[in-house]
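These notes are about the structure you will find just below.
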Amino acid sequence: MQKMLSLLSRVLQGSAQKPVTAARVIVASRSYADFASEATFDIKKCDVHKLEEAPPTTAVLTREQGLQYYRTMQIIRRMELKSDQLYKQKIIRGFCHLYDGQEACCVGLESAINPTDHLITAYRAHGYTYTRGVSVKEILAELTGRRGGCAKGKGGSMHMYAKNFYGGNGIVGAQVPLGAGIALACKYFGKNEICLSLYGDGAANQGQIFETYNMAALWKLPCIFICENNRYGMGTSVERAAASTDYYKRGDYIPGLRVDGMDVLCVREATKFAADHCRSGKGPILMELQTYRYHGHSMSDPGVSYRTREEIQEVRSKSDPITLLKDRMLNNNLSSVEELKEIDVEVRKEIEEAAQFATTDPEPPLEELGYHIYHNEPTFEVRGANPWIKYKSVS
């Protein structure tokens, strides 16, 4: 102990000349043994529909999990803020729907399923693309239309893919029946896998979703239908768009859960419960995640014409998912302010390096315009804008 105090004294004396080094030594001086290995938290009770049991109202968080969730949510937050900056600089063009504010949803869901499980979502897809395994560098390069993007620069914001991740879909609600089809494949091939099929409150009134509910219930498909209710479908509040805002009850004959989508632990425990329901052969289940987006619907929407700045600020100050997790970890000795600040510095550096790549990587050449139409097919010709222009399509 005396040696530690002596070391800290020397570090603090030289802190004016070397502030970064000093901070790191102070963090290093606190051994991992000083932190608790885990803590138990009370979480909000889920509302249930046609269920005799419910997800637990307590959750255990280990120190390792907490640090992982914190880093992942910070990366998604910083990635989206960088995307906002690049869009305003006209480096990112076209449609761009940002996910900041909703990070607890994608991180909580991913922490409760297996990498071999499947996920399909709508066009607000950057967070899910990252949690499904795509690097920040590949996501930002896809947003800027570069060859190093996860879809070779051809998909952009709404069309990113990874193993067992099917996008990123630009047509409102169209991904829901596709998700049921993936769940049908899981059942047909006898795999112990499930599909998470996500949509927003704006898509929740579409007829194709109710048709999908019917088929999924008839065939007992292992599908979790998840409505990310961020309270506004484009610029229309849920109260003005839906006669019933109890989205978790919309399945009628399908069981449902309403979950606090701003709490990563609440989302995790509810998803574990829903996944167990599907894997046990009981068929589909609905989840409504009550969440909030900080940006507008897309980058063309300032987001303050149908809601007040005060409303946004109130959610940020009272319900921010990153702040909630941070406070829990600090108040229960799972981490320290210095350690979390170090993570913040590392995250910012990773985002800046990814942005540098995304703005310097070359765009795909014109001759590759017809590439990747099919997977694992022989090369063939694709007609261009007129019969005399031909492109080769390579799988």
Side-chain angles (χ1 to χ4, degrees), residues 49-50 95 97 105-106 109-110 113 116-125 127-129 131-132 151 155-230 233-234 238 241-257 271 274-275 277-279 281-289 297 373-375:
H49 170 66
K50 287 192 178 297
F95 292 105
H97 306 82
C105 296
C106 62
L109 290 170
E110 188 63 39
I113 61 174
T116 52
D117 290 325
H118 309 266
L119 191 147
I120 187 168
T121 189
Y123 39 75
R124 200 178 304 280
Y128 290 101
T129 307
T131 56
R132 287 266 87 184
S157 173
M158 300 191 292
H159 303 103
M160 300 183 185
Y161 310 94
K163 185 173 178 60
N164 299 327
F165 175 60
Y166 306 83
N169 290 266
I171 305 301
V172 175
Q175 71 280 1
V176 179
L178 296 180
I182 296 165
L184 176 61
C186 294
K187 184 171 183 177
Y188 183 82
F189 289 112
K191 296 181 178 179
N192 187 30
E193 297 170 358
I194 62 173
C195 181
L196 278 59
S197 186
L198 291 109
Y199 55 97
D201 53 274
N205 297 319
Q206 291 218 347
Q208 60 183 325
I209 291 179
F210 293 92
E211 293 177 44
T212 305
Y213 289 166
N214 185 57
M215 287 188 288
L218 280 172
W219 299 339
K220 292 192 179 298
L221 300 183
C223 189
I224 307 177
F225 296 108
I226 303 170
C227 176
E228 287 186 286
N229 176 10
N230 60 24
M234 297 187 71
V238 293
S244 169
T245 57
D246 291 335
Y247 294 103
Y248 72 110
K249 295 180 180 178
R250 289 286 192 92
D252 187 13
Y253 38 79
I254 298 176
L257 299 166
T271 308
H277 176 95
C278 289
R279 292 189 210 279
K282 295 177 182 177
I285 189 170
L286 261 69
M287 285 175 60
E288 175 190 343
L289 304 182
H297 171 72
I373 294 174
Y374 295 109
H375 170 66

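Atom set for the values below is all heavy atoms of this structure, side chains included, hydrogens, waters and symmetry mates excluded. Computed from a predicted model, the values in this text were never measured in an experiment.
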Plane angle bin for His97 and His297 - parallel if under 30°, tilted between 30 and 60°, otherwise perpendicular
perpendicular
How long is the straight-line distance from CD of Gln175 back to CG of Leu119, given to the nearest 0.5 Å?
10.5 Å
Side chain to side chain, Leu286 and Cys227, heavy atoms closer than 4.5 Å:
no
Can you tell me how the ring of Tyr166 sits relative to the ring of His118, calling it parallel under 30°, perpendicular over 60° and tilted otherwise?
tilted
Answer whether the closest heavy-atom distance between the side chains of Val172 and Tyr199 falls below 4.5 Å.
no
Find out whether Pro222 and Lys187 are in side-chain contact, i.e. whether some heavy atom of one side chain is under 4.5 Å from a heavy atom of the other.
yes
I want to check something: taking the side chain as every heavy atom from C-beta on, are Asp117 and Arg279 in contact at a cut-off of under 4.5 Å?
yes
Keeping the roles fixed (side chain from Glu110, backbone from Tyr128), state whether a donor-acceptor pair exists under 3.5 Å.
no
Apply side-chain contact (heavy atoms from CB on, under 4.5 Å) to residues Glu288 and Lys249 and explain how you reach the verdict.
CA-CA 9 Å; Glu288 175 190 343; Lys249 295 180 180 178; over 6 Å; no
Below 4.0 angstrom, N of the basic side chain to O of the carboxylate: do Asp201 and Arg250 qualify?
no
Pairwise distance OG1(Thr271) to CG(Leu289) - rounded to 0.5 angstrom:
6.5 Å
Parallel, tilted or perpendicular for Tyr213 and Phe210, by the 30°/60° rule?
perpendicular
